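Along the sequence shown, residues carry numbers from 1. Just so we're clear, the structure is a prediction, and the values are computed from it rather than from any experiment.
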Amino acid sequence: MAQKDPRVDAYIANAADFARPILKHLRALVHAGCPEVEETIKWGFPHFEYKGVLCSMAGFKSHCAFGFWKHQLFPANSEAMGQFGRITVLSDLPKDSVLVGYVKEAARQNEAGIKPAARPKKVKPAPQVPADLSKALKGVPEAEAAFAGFSPSQKREYVEWITEAKTPETREKRLATAIDWIREGRLRNWKYMKRTAAR
């Protein structure tokens with residue numbers, strides 16, 4: 001059975017004049033689409049739950065926002081938080097039947113345990129190898145081969161260590177040390193990794 005939260009009543013009552021009718025309307029549509037929905041306040045604004053979070057709404061100084069928790073599975077407008085952009089009047093919203101349909105679909109997905117696809121991991125490009133490191137690697141074939149087998153992040157650790165040197169002398173010293181370590185197949189933080197493994 002539907003459960004209304006008096007904190008949501010208070011949230012709407014304290015909203016800007018333009019926002020109150022929008023928030024009331026959205027609340028009614030969510031209850032129409034999922035009669036068993038429960039209300040709560042999370043992160044300072046109203047959320048609606050049914051076997052997990054369904055959707056949320058918020059009122060700001062000059063606009064409202066409404067969005068579904070599994071936002072990847074619904075149409076999106078990236079102008080504001082939520083999927084429906086900056087809502088300033090009721091006519092900014094889709095038709096009631098469309099929104100109620102979305103709520104029903106969100107409830108169905110939660111009931112079925114459907115989860116959105118995981119976001120693809122951002123892979124950083126391989127680091128730009130400075131000329132002095134590249135030259136030094138070419139002078140030691142074993143180091144060059146070992147470095148080529150490192151992952152982009154492992155290469156980046158060496159590149160950053162060398163390029164962040166404060167003086168030319170420090171850079172030259174790090175470069176020589178790096179070549180020795182790389183020739184032996186050691187990662188930049190191999191000493192730390194050894195201590196950690198020993199614990």
Side-chain angles (χ1 to χ4, degrees), residues 38 40-58 60 63 65-86 102 105-199:
E38 293 183 8
T40 189
I41 297 287
K42 291 178 183 284
W43 304 292
F45 54 94
H47 282 66
F48 301 91
E49 300 181 336
Y50 173 71
K51 301 192 176 184
V53 180
L54 283 183
C55 52
S56 62
M57 65 182 187
F60 302 103
H63 73 280
F66 179 71
F68 290 93
W69 192 250
K70 296 175 181 174
H71 55 88
Q72 302 97 325
L73 304 175
F74 293 92
N77 180 328
S78 59
E79 292 177 9
M81 181 181 83
Q83 282 91 26
F84 304 96
R86 299 170 64 87
Y102 288 156
E105 177 60 17
R108 185 195 70 77
Q109 289 174 4
N110 278 9
E111 201 163 52
I114 296 172
K115 295 182 179 179
R119 291 180 182 179
K121 291 183 179 179
K122 290 183 179 178
V123 178
K124 290 183 179 180
Q128 187 72 32
V129 179
D132 53 354
L133 175 56
S134 181
K135 183 178 178 182
L137 287 168
K138 286 179 182 176
V140 183
E142 301 96 325
E144 186 178 27
F147 191 76
F150 287 172
S151 70
S153 63
Q154 292 166 344
K155 292 177 181 177
R156 189 175 297 106
E157 287 175 353
Y158 269 112
V159 168
E160 289 177 354
W161 184 52
I162 291 167
T163 58
E164 288 171 0
K166 303 291 187 210
T167 66
E169 293 79 12
T170 301
R171 182 166 177 144
E172 285 180 22
K173 185 177 179 182
R174 288 184 181 182
L175 188 59
T177 301
I179 295 301
D180 287 340
W181 287 352
I182 293 169
R183 184 181 59 216
E184 296 171 5
R186 294 180 176 180
L187 302 181
R188 159 71 184 92
N189 295 307
W190 66 273
K191 290 182 179 179
Y192 172 76
M193 293 168 67
K194 189 175 182 181
R195 287 198 303 270
T196 303
R199 289 176 186 171

Could you list the donor-acceptor pairs under 3.5 angstrom formed by side chains in residues 146-154, with sequence neighbours left out?
| residue | atom | partner | partner atom | Å |
| --- | --- | --- | --- | --- |
| Ser151 | OG | Ser153 | OG | 3.1 |
| Ser151 | OG | Gln154 | N | 3.2 |
| Ser151 | OG | Gln154 | OE1 | 3.4 |
| Gln154 | OE1 | Ser151 | N | 2.9 |

Taking only distance into account, with no hydrogens and no angle test, what donor-acceptor pairs under 3.5 Å do side-chain atoms of residues 176-184 form with protein atoms, sequence neighbours excluded?
| residue | atom | partner | partner atom | Å |
| --- | --- | --- | --- | --- |
| Thr177 | OG1 | Lys173 | O | 3.0 |
| Asp180 | OD1 | Arg183 | NH2 | 3.4 |
| Glu184 | OE1 | Arg186 | NE | 3.1 |
| Glu184 | OE1 | Arg186 | NH1 | 3.4 |

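Ring planes of Trp69 and Trp43: parallel class, angle under 30° (limits at 30 and 60°).
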I would like to know whether Glu49 and Lys42 meet salt bridge (charged side-chain N to carboxylate O under 4.0 Å, His left out); could you show each step before the answer? CA-CA 11 Å; Glu49 300 181 336; Lys42 291 178 183 284; 3.3 Å; yes
Before giving the answer on side-chain contact (heavy atoms from CB on, under 4.5 Å), spell out for Tyr102 and Phe66 the whole-Å C-alpha distance, their side-chain angles and the decisive distance to 0.1 Å. CA-CA 12 Å; Tyr102 288 156; Phe66 179 71; over 6 Å; no
Output, in order, the C-alpha distance, side-chain angles, deciding distance and verdict of side-chain contact (heavy atoms from CB on, under 4.5 Å) for Asn189 and Glu157. CA-CA 8 Å; Asn189 295 307; Glu157 287 175 353; 3.7 Å; yes
How far apart are the C-alpha atoms of Phe60 and Phe45, what are their side-chain angles, what is the distance that settles it, and do they pass the side-chain contact (heavy atoms from CB on, under 4.5 Å) test? CA-CA 10 Å; Phe60 302 103; Phe45 54 94; over 6 Å; no
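Of all heavy-atom pairs spanning Thr163 and Arg171, the tightest one is CA-NH1, 3.8 Å. Here the shortest heavy-atom pairing between Leu175 and Ile162 reads CD1-CD1, 3.9 Å. Of all non-hydrogen atoms in Arg188 and Tyr158, the two that sit nearest each other are N-CE1, 3.4 Å. For Asn110 against Val53, the heavy-atom pair with the smallest separation is ND2-O, 3.2 Å.
Under 4.0 Å is where a charged nitrogen must lie from a carboxylate oxygen, and between Lys155 and Glu160 no such pair does. Using a cutoff of 4.0 Å between basic side-chain nitrogens and carboxylate oxygens, Glu111 and Arg108 are not scored as salt-bridged.
The stretch residues 135-150 participates, sequence neighbours left out, in no side chain to side chain donor-acceptor pair (under 3.5 Å) pair at all.
A distance of 4.0 Å separates CZ of Phe48 from CE of Met57, quoted to the nearest 0.5 Å. Rounding to the nearest 0.5 Å gives a distance of 8.5 Å between OG1 of Thr167 and CZ of Arg174.
Arg86 contributes no side-chain N or O that, together with a main-chain N or O of Ala65, makes up a donor-acceptor pair within less than 3.5 Å. Under a 3.5 Å cut-off, the side chain of Ser134 and the backbone N or O of Pro130 do not form any donor-acceptor pair.
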